[in-house]
Trainee: 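What follows is a structure written as structure tokens; I'll ask about it next.
Starting from 1, each residue takes its place in the sequence as its number. Read the numbers this way: they start at 1 and go in the same order the structure lists the ligands and their atoms. Remember, it's a predicted structure, so these values are computed and weren't measured experimentally.
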Amino acid sequence: MSPPKAAKAETQIHYRTCPLCEATCGLAIEVEGDRVVRVRGDKQDPFSRGFICPKGSTLGELHHDPDRLRKPLVRRNGRLEEATWDEAFAAIEAGLGPILAEHGRESLALLLGNPITHHLAPALYVGPLIRACATRNLYSASTVDQMPQHVVSGLVWGDPNAFPIPDIDRTDHLLMLGANPMASNGSLITAPDFPGRLKEIPQRGGRLVVVDPRKTETAARADEHLFIKPGTDVFWLAALVQTLFEEDLVEIGRLERFVDGVEEIRELVAPFTPERVAPICGIDAETTRRQARTLQGAAAGAVYGRVGNHTVEFGTATAWMAAILNILTGNFDRPGGVMTSSPIASRIDDGEPGGRGFRLGRWKSRVSGHPEVNGEFPAASLAEEMETEGRGQIRTALTVATNPVRSYPNSERLDQAFAELDFYVAFDIYVNETTRHADVILPPPSTLEEETYELTFMTNAIRSFAKFGEPIFGGEAPTEADLFARLILVMRGEGATADPASVHDELLKDAVGRSLGASKAETEAGTEPGAQANAKGEKGDLEREEILAALAGLSPVEKLLDLKLRTGWQGDLFGRRPGGVSLAKLAEHPHGVDFGPMVERYPARLKTASGQFELFPEWLVEDWARVRARLESPDASGGLLLIGRRHIRSNNSWMHNVGSLVSGRSRCTLLVHPDDARRLGLENGSLSEMRSGVGILRVEVETSEAMMPGVVSLPHGWGHDVDGVRMDVAVKHAGVGSNILTDDRVIDTASGNAVLNGIPVEVLPVDFESGPSPNE
Ligand code: SF4
């Protein structure tokens, strides 16, 4: 007799938000017992409309990945071994304490990665962690790919975090440069189902124009694709601006009296005629003029430039010209143009135009004197700060959800620098190319064990939307908020055994004080915040005690989130605005709640000191000298230029341990135009050797008509077959790390951003039998 079959666990469906990229798609996660059995797009999610990409469907695989760390690792006798949480925090205290005591806070580097912005607890606790570390050696993904936009947003309209979001649902003309949302699903814009939304542009009579050195998946869908030489977008955009002036097409519209510097811009771009820039960019003058006229003539148009625009030598100047175009064509803060989001977990009472403005360069890096930007130093300068001896040398590091040895330029040099740190703490779910050097690794819980709310990305969203999800699984490990709180306590010197609840209470106290309109100082001095609120009138008789009582029983992150929601522009103000939003109300709507499209926020949102759009800030004008010099003596070498590329099944370096995403033929190939391949003696499937100013690697060639002749493309984030990595699947599908070739000595000086596109390279044929790869 066969044994009776075990009863099948009941299937439950949980509706959550995908945390893997900026698109924030709604997911329907089917669970049986403690297993995820299926993940689909949530058709009832009003924002993402059922869309899901291949990565989202693997969330269960990621959760169950045996290589995902569940317990801390501590280095003992040279080897990373499992330890208890208390042992791990004790090891951090013991390792960091003497170094900080002897060499000071500047001997510590704090490095922050993208996933912080996708998770609720890190988004709420990262600010206090930065303050607790108390070091100026702060690095993040921002100086890898987006700092130019922060600089332009900060200097031109006064808020470095107010990005110009193309209103793709209402635009009639989208001019897109250096972006491939068909693969990335959008960057510095949250628009789930980007492919569907792009398809709707021509359906309503609009146009999509893509400018890119590769005919990308997005370019293939466009009404028009223009090849452009990598790194030259700034010249082309300047020529569009020049055409607007020359043909008398400048029409700013509603915001005109708030715009300063138009005549200065006219003079600045005067030499950048379409004819002059044509040989530099590879786009003929008549096409350039036609594009300027079409953009200006559209009822509502938007210029959107992303990674390919920002990760180049003139990244900030490029972002500046894109902003100028949007303003001069009247498309800034216009439905269908570029707008800014109104997240419901924030207030939108912008007040009068004007603010403190944006300051940068307040301090400088030790070795090369790079100015801080948004409180950070360039990722490209990290290795020299670690290597160069003397007071202030970085001797210890804390990395949070980041893999700089794969994502920062000149990765071989940085790999060596990490290996030589005195002590290194990583907060990460994998032992990867960077964390293999750690002395302690703290793994956060799986995303399915945490509350979900997209706090960060709703600030870039094309619609105001809110969705909350409770943890699907209970874990034995500490919550992510507890881990951050314990790290904060250790960094402050309060000890490895201090109670994390003290940090949770402190953050809540500060948040309540802020939401009531009281300054922290007043709160500490015992001023009744309620009195402040009463004075403002908005919150009636709201009192601290009432708020704390209403939040009782929630987890620490839920308290902070509920407070933001209830005091946000759609909030219920703790019962004073009937029908308003609270966490409890959101929980009744598992598919999320839509609050409509972006709305006009300017001029009230202008936070420059003048209360104007400052089109001609000194910082950008000084930087323009580099662009002008290149116009006078363009690069005439005619050599090959390397660009990166994104694939829909990949997400930088960290989704490569998911078998179903990396199966099949290798996607880590060098795309080469067939004419270049013939000239260089390369064949489809052959091995090539690539050389740049800093490194050499070998990679398989894939010939492709999609490439602009003279340009080759290699994806980033690969190169997993190095000693110590504990990601079995990734190691078997290792690929090569493109940042072996990128040069950390060349940066966009106005923002400190790394240069990852337009890298001069040589590509040579290699016999498969000719010996070991230089990557090994
Ligand atoms: S596009 Fe894919 S990875 Fe991004 S949020 Fe949607 S499902 Fe997740």
Trainee: Which of the numbered atoms in ligand 1 are under 4.0 angstrom from any heavy atom belonging to Lys55?
Mentor: 3 (S)
Trainee: Do the side chains of Arg665 and Glu702 get close enough for a salt bridge, i.e. N-O under 4.0 angstrom?
Mentor: yes
Trainee: Is the ring centre of His150 less than 6.0 Å from the ring centre of Phe163?
Mentor: yes
Trainee: Just checking: Cys21, one of its N/O/S atoms, less than 2.8 Å away from atom 6 (Fe) of ligand 1, yes or no?
Mentor: no
Trainee: Please could you name the atoms of ligand 1 that Leu20 approaches to less than 4.0 Å, counting only its heavy atoms?
Mentor: 3 (S)
Trainee: List ligand 1 atoms under 4.0 Å from Asn185, heavy atoms only on the residue side.
Mentor: 1 (S)
Trainee: Please determine whether a side-chain nitrogen of the Lys or Arg among Asp42 and Arg49 lies less than 4.0 Å from a carboxylate oxygen of the Asp or Glu.
Mentor: no
Trainee: Any Lys/Arg nitrogen of Asp167 or Arg170 sitting under 4.0 Å from an Asp/Glu carboxylate oxygen of the other?
Mentor: yes
Trainee: To the nearest 0.1 Å, how far is atom 6 (Fe) of ligand 1 from its closest protein heavy atom, and which atom is that?
Mentor: Cys25 SG, 2.3 Å
Trainee: Determine the minimum heavy-atom distance between Pro404 and Leu111, stating which atoms define it.
Mentor: CG-CD2, 3.6 Å
Trainee: Tell me the protein heavy atom at minimum distance from atom 2 (Fe) of ligand 1, and give that distance in Å.
Mentor: Cys53 SG, 2.3 Å
Trainee: Just which atoms of ligand 1 are under 4.0 Å from any heavy atom in Cys18?
Mentor: 3 (S), 5 (S), 7 (S), 8 (Fe)
Trainee: Under 4.0 Å from a heavy atom of Thr24: give me the atoms of ligand 1 that qualify, with their elements.
Mentor: 5 (S)
Trainee: Taking only Lys NZ, Arg NE, NH1 and NH2, and the carboxylate oxygens of Asp or Glu, determine whether Arg566 and Glu558 approach each other closer than 4.0 Å.
Mentor: no
